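Scroll down for the structure; my scribbles are underneath it.
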Amino acid sequence: MVKSKGYDFEEAELRIIQLWQDKKIFKFDSSDTTKEIFSFDTPPPTVSGVLHMGHAFGDAQQDFIARYKRMQGFNVLNPFGTDDNGLPTLKLVEKEKGIKAKNMTRKKFIEICLKAIKEEYVPQFLTDAKRLGTSSDWDLFYSTIDARSRRISQKSFIDLYKAGREYRTKAPSLWCTECQTTIAQVELEDETKKTTFNDITFKIDDQDLTISTTRPELLPACVCIFVNPNDSRYKGLVGKQITVPLFNFQVPVLTDEKADPEKGSGVVMCCTFGDQTDMEWQKEHKLEIKEAIAPDGKMTKLAGKYEGMKIVEARKQIIEDLKKANLLTKQEEITHDVNVHERCQTPIEFINSTQWFVKYLDIKDDLIKWGEEIKWHPNHMKYRYINWVKGLKWDWCISRQIPFGIPFPVWYCKECDESIMADEKDLPVDPMEDSPPVSKCPKCGCKEFIPETDIMNTWTTSSLTPDITKDILKGTPVYDKIKDKPFSIRRNGHDIITFWDFNSIVKSRLHHNRNPWDELMINGWILGKDGKKMAKSRGNGLSPQETIKNHGADALRYLCAAAKLGDDIAFPEAELVKGKKLITKLWNASKFVFMNLEDYDGGKPKKLEKIDEEFLKHLENAVELVSYHFERYNYSHAKEITERFFFKEFADNYIEIVKKRIYNGAGNEKISAQYVLRESLFTILKLFAPITPFITEEIYQTYFKKSEKKESIHITSWPEYKEGSPKSQAFIEFCSLLTNVRQEKTNKQISMNSEIILTLPSEAIKSIEGMKEDFKAVTAAKEIKEGNFKVEFA
RNA sequence: GAACCCGUAGUCUAAUGGUAGAACACCUCGUUUACACCGAGGAUACCCAAGUUCGAUUCUUGGCGGGUUCACCA
């Protein structure tokens with residue numbers, strides 16, 4: 001039963017998690033308490049297997065602040081959710097279950113997804129998050145697919161529709177032919193691919209005209225040819241008809257400034273749609289739309305004999321045929337970046353289809369202004385947001401053509417296509433299962449309706465987490481206090497500023513005309529040991545589960561505190577060792593303190609010995625500094641100051657100074673040391689508590705609990721300090737003199753406790769006035785004489 | 001092409017308009033009734049250039065190098 005003298009982190013951490021849970025230490029107080037609220041809007045991790053190192057990194061950094069705020073006396077609202085709808089979840093279920101959504105009914109597939117989420121994915125995520133020591137109120141849990149989220153998300157859709165902020169239209173949109181759905185601008189990734197730049201001969205008035213393209217398979221979708229209006233070479237061609245090779249139809253030659261005379265032959269073909277520019281041209285010049293590529297990535301009948309071929313296949317075949325017909329004059333190997341879908345690496349296409357959009361291009365300036373009203377930590381992350389908003393080219397396409405997710409609460413009139421929104425009281429609805437709220441179309445009277453089969457993109461819902469969290473608290477006394485207020489803060493990684501933060505600001509502004517939060521805390525990324533993004537393909541991934549098992553959650557959290565907020569960091573493995581060393585030292589120092597407190601009744605000494613008083617002063621200064629940095633979410637610096645103070649000032653100096661008095665002293669001088677040892681240790685533990693909550697809790701439970709009222713160190717109050725509390729010069733001078741003596745002993749190669757006769761200059765003797773006995777004790781000086789500095793054997 | 005971040009010992013980092021502080025690694029010594037997962041000490045560092053300044057690692061500008069994001073990608 002008796003454990004070895006050391007601290008068994010695994011046993012202790014699991015026991016402490018249980019304790020926190022049993023005593024509901026992190027419960028948000030939803031009564032009508034007057035305690036000031038500090039609220040977090042926490043990123044619901046995408047359920048994609050298990051909690052990964054990136055989650056742990058960000059969650060830990062948020063938890064440092066959550067715990068600090070709680071000890072500061074705030075009523076901390078710290079919910080936890082999981083993001084488990086839409087494409088990511090669909091892909092995970094397909095992979096894990098070995099099934100394909102398209103091979104079964106939608107109903108069946110959804111059933112399988114919901115079951116897996118509820119029984120496997122979410123419980124696993126919760127277990128992992130708890131194991132890290134995250135101080136969330138687990139009763140404030142939401143899933144972005146649960147009924148509440150579905151209701152809120154659908155209501156949001158209906159409200160924005162009524163506000164004229166949403167429209168449904170047929171328009172070219174970013175499309176993944178693999179996933180067969182529209183995707184958003186943010187879901188794109190660049191990939192460098194090899195391809196050929198082909199010089200193709202077009203015929204115009206029996207003349208040959210060379211046009212270069214990387215996408216000859218789009219020839220059937222060619223709608224016109226552009227030359228630059230200032231390009232004298234082609235002036236004569238403008239307005240004429242040109243024949244598209246192989247397909248032999250005619251298109252006009254037009255001019256546009258965007259045609260670059262320097263590129264290729266200076267002549268460009270416009271196809272609907274090869275890229276962004278094609279789309280702009282189509283709009284500006286009111287060109288016809290030709291669809292050569294179908295949603296499944298195969299050529300349409302517009303492509304004639306190439307119909308049914310996949311894009312790449314068709315490209316190859318067309319190039320072959322051009323060669324045969326002597327219409328290909330040159331082929332150049334090039335590498336270029338193409339936009340691919342981040343989830344499947346498929347090059348995206350622009351496909352013309354009917355989609356729902358949230359209109360926001362008209363409020364770009366406001367969005368920038370609103371973003372600037374938020375306090376960003378670190379501040380420079382704001383510019384990523386601004387930069388993103390400035391670059392927006394599309395309204396927000398929110399519809400996705402996949403079976404799993406939150407359905408649009410809408411039906412369409414079979415006759416006139418009028419959108420029939422669900423009744424709010426019926427939400428959440430599934431139009432594919434439920435009936436519309438009206439029996440006939442209010443516009444044309446038709447009695448038949450077609451349900452929307454698309455679902456809403458997952459960010460449409462996760463951008464509503466502030467509303468979802470508040471909804472959980474509906475009906476409690478605290479609700480009125482939070483319902484019309486922004487959250488105090490949201491924390492998330494810098495990679496989702498443009499998804500989650502941006503979309504959340506959009507929604508909050510459009511719905512509530514206020515920002516969703518006052519502040520944003522943006523965490524960086526934890527990279528592999530090689531400094532590269534962790535990826536299965538690189539084999540540089542590390543799992544938090546494994547790390548916690550081998551080193552403990554405290555050690556991992558300690559590691560996470562090594563990076564400043566917002567900074568990316570290569571996994572600093574050495575920090576785990578450093579963290580464990582700290583934990584061991586805390587344990588041993590506490591053991592020492594309480595070993596020597598057995599005859600101490602907890603009372604204050606009549607009078608503090610001078611060095612004890614000075615040390616407390618010194619500590620108060622450290623508390624102020626640490627608090628200063630925590631207040632600014634600068635937990636890494638707070639940790640560093642605490643650590644330095646603990647190792648250098650407390651363990652190496654103060655403990656050594658009072659040791660002899662503790663061992664051999666009696667009466668007030670001993671009680672003074674005992675009092676200060678206990679108080680300062682407690683203070684130091686509190687300063688560490690947000691970073692390493694387990695070891696500090698274990699020490700609290702073992703030694704402090706019986707004389708303190710609180711159930712956990714994490715709900716004790718943060719140590720007090722006076723503003724502008726100075727360092728103790730007396731303590732500093734005392735220690736610097738001590739260092740001189742130690743140095744001399746080291747130079748003389750004698751042990752630290754060998755007795756000496758010490759000669760000190762008069763000003764040095766003056767500086768230790770009132771602390772002379774302690775100085776003699778810590779240096780093992782039998783006597784102190786006045787003169788030039790000298791250390792002699794006794 | 002644009003925005004932003006970053007260049008400090010062998011490594012990873014901190015602070016700072018005036019002596020640059022830790023940790024790991026390295027060297028020397030000591031083994032003391034909390035701790036050998038120890039203690040005391042030592043050596044080693046501000047990317048380059050110009051400017052502001054009495055003084056710049058710090059502020060400004062330019063360059064070089066690394067990174068992230070956005071854009072372009074006929």
Side-chain angles (χ1 to χ4, degrees), chain A residues 5-7 185-186 188 190 192-193 195 197-200 211-216 218 222 225-226 258-260 262-271 274-278 281 334-339 378-393 494-495 497-498 524-525 527 531-533 562-564 566-570 572-575 577-578 580-596 636-637 640-641 643-644 647-648 651-652 655-656 659-660 662-664 738-739 741-754 780:
Chain A
K5 56 182 178 163
Y7 165 68
Q185 198 173 336
V186 281
L188 301 180
D190 276 357
T192 307
K193 290 209 170 185
T195 188
F197 201 35
N198 311 285
D199 286 1
I200 298 171
I211 296 178
S212 310
T213 181
T214 54
R215 302 210 50 188
L218 288 176
C222 182
I225 300 295
F226 281 110
K258 284 197 276 282
D260 182 356
E262 304 294 315
K263 247 180 200 169
S265 59
V267 187
V268 53
M269 66 171 188
C270 173
C271 309
D275 63 18
Q276 176 77 31
T277 320
D278 286 342
W281 278 332
I334 56 159
T335 55
H336 69 162
D337 291 337
V338 292
N339 281 325
N379 185 58
H380 69 254
M381 290 297 176
K382 179 166 67 187
Y383 299 106
R384 294 207 185 183
Y385 170 88
I386 292 172
N387 205 19
W388 164 261
V389 177
K390 282 183 179 163
L392 278 177
K393 290 203 167 122
H494 55 53
D495 52 322
I497 290 173
T498 55
W525 275 34
L527 309 169
K532 303 248 166 68
K533 196 170 154 180
K564 276 193 295 194
D567 275 6
D568 294 345
I569 189 173
E573 205 175 11
E575 290 292 318
V577 179
K578 229 174 126 182
K580 272 162 95 177
K581 219 164 108 177
L582 168 69
I583 289 158
T584 305
K585 189 94 179 171
L586 277 170
W587 181 247
N588 284 324
S590 305
K591 202 170 72 183
F592 167 82
V593 168
F594 281 89
M595 233 164 63
N596 293 294
S636 63
H637 206 190
E640 208 183 308
I641 294 166
E643 192 175 21
R644 185 112 43 98
F647 272 97
K648 297 281 171 201
D652 293 346
I655 284 188
E656 292 305 320
K659 235 175 198 176
K660 291 277 161 34
I662 284 282
Y663 292 150
N664 309 323
L738 173 57
T739 301
V741 177
R742 282 170 169 169
Q743 197 164 2
E744 230 4 67
K745 283 192 169 186
T746 301
N747 290 345
K748 288 204 156 79
Q749 305 193 355
I750 58 174
S751 80
M752 284 302 138
N753 65 348
S754 51

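Everything numeric in this text was worked out from a predicted model, so none of it was measured. Reminder, nothing fancy here: chain letters follow the sequence lines and each chain counts from 1.
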[atom1]-based separation of [M] from [N] [nearest Å]:
N	M	atom1	answer
B/rG7	B/rC46	P	14 Å
B/rC12	B/rA22	C1'	11 Å
B/rC48	B/rU58	P	10 Å
B/rU11	B/rU61	C1'	32 Å
B/rA71	B/rG10	C1'	40 Å
B/rA14	B/rC24	C1'	15 Å
B/rC27	B/rU19	P	32 Å
B/rG67	B/rU44	C1'	28 Å

At what distance, to the nearest 0.5 angstrom, does [atom1] of [X] lie from [atom2] of [Y]?
X	Y	atom1	atom2	value
A/Met381	A/Ile497	CE	CD1	5.5 Å
A/Lys580	A/Thr584	NZ	OG1	8.0 Å
A/Cys270	A/Leu218	SG	CG	10.5 Å
A/Met269	A/Ile225	CE	CD1	7.5 Å
A/Glu643	A/Leu586	CD	CG	9.0 Å
A/Asp275	A/Trp281	CG	CH2	7.5 Å

Using whole Å, report how far [atom1] of [X] lies from [atom2] of [N].
X	N	atom1	atom2	result
A/Glu656	B/rU33	CD	P	11 Å
A/Ile655	B/rG39	CD1	C1'	13 Å
A/Gln749	B/rC29	CD	P	6 Å
A/Glu640	B/rU16	CD	P	12 Å
A/Lys591	B/rC38	NZ	P	14 Å
A/Ile569	B/rA14	CD1	C1'	13 Å
A/Asp652	B/rA34	CG	P	14 Å
A/Tyr385	B/rC4	OH	P	17 Å

Where the side chain of [X] meets the backbone of [Y], is there a donor-acceptor pair that is under 3.5 Å apart?
X	Y	value
A/Asp278	A/Gly274	yes
A/Lys745	A/Ser754	yes
A/Asn198	A/Thr213	yes

Ring-base stacking, A/Tyr663 with B/rU33 (5.5 Å, 30° cut-offs): yes
Could you list all N or O pairs between the protein and nucleotides 23-25 of chain B that sit under 3.5 Å apart?
residue, atom, partner, partner atom, Å
B/rC24, OP1, A/Lys581, NZ, 2.4

The side chain of [X] is closest to which nucleotide in this list: [options]?
X	options	answer
A/Thr746	B/rA40, B/rA14, B/rC35	B/rA40
A/Thr584	B/rG41, B/rU33, B/rC37	B/rC37
A/Arg742	B/rG41, B/rU69, B/rC5	B/rG41

Measure the shortest side-chain to side-chain distance between [X] and [Y] over non-hydrogen atoms and say whether it is less than 4.5 angstrom.
X	Y	answer
A/Asp495	A/Trp525	yes
A/Lys578	A/Lys581	no
A/Thr214	A/Val338	no
A/Asn588	A/Phe592	no

A/Gly274 or A/Ser590, whichever maps to the more 5' nucleotide of RNA chain B: A/Ser590
Aromatic plane relationship, A/Trp587 with A/Tyr7 - under 30° parallel, 30 to 60° tilted, over 60° perpendicular: tilted
Close N/O contacts between protein and nucleotides 70-73 of chain B (under 3.5 Å):
residue, atom, partner, partner atom, Å
B/rA71, OP1, A/Gln185, NE2, 2.7
B/rA71, O3', A/Lys393, NZ, 3.2
B/rC72, OP1, A/Lys393, NZ, 2.9
B/rC72, N4, A/Asp190, OD2, 3.4
B/rC73, OP1, A/Thr277, OG1, 3.4
B/rC73, O2, A/Asp337, N, 3.3
B/rC73, O2, A/Asp337, O, 2.2
B/rC73, N3, A/Asp337, O, 2.8
B/rC73, N4, A/Asn339, OD1, 3.3
B/rC73, N4, A/Asn339, ND2, 3.0

Any A/Gln743 side-chain N or O less than 4.0 Å from OP1/OP2 of B/rG42: yes
Classify the nucleic acid contact of [X] as base, sugar-phosphate or nothing, counting any heavy atom under 4.0 Å across all strands shown.
X	result
A/Met752	base
A/Lys258	base
A/Ala570	nothing

Watson-Crick and G-U pairing of RNA chain B written in dot-bracket, each distance under 3.5 angstrom, with | for inter-strand partners: (((((((..((.(....[..).)).(((((.......)))))....(((((..]....))))))))))))....
Check: A/Lys580 side chain, B/rC37 base, donor-acceptor under 3.5 Å: no
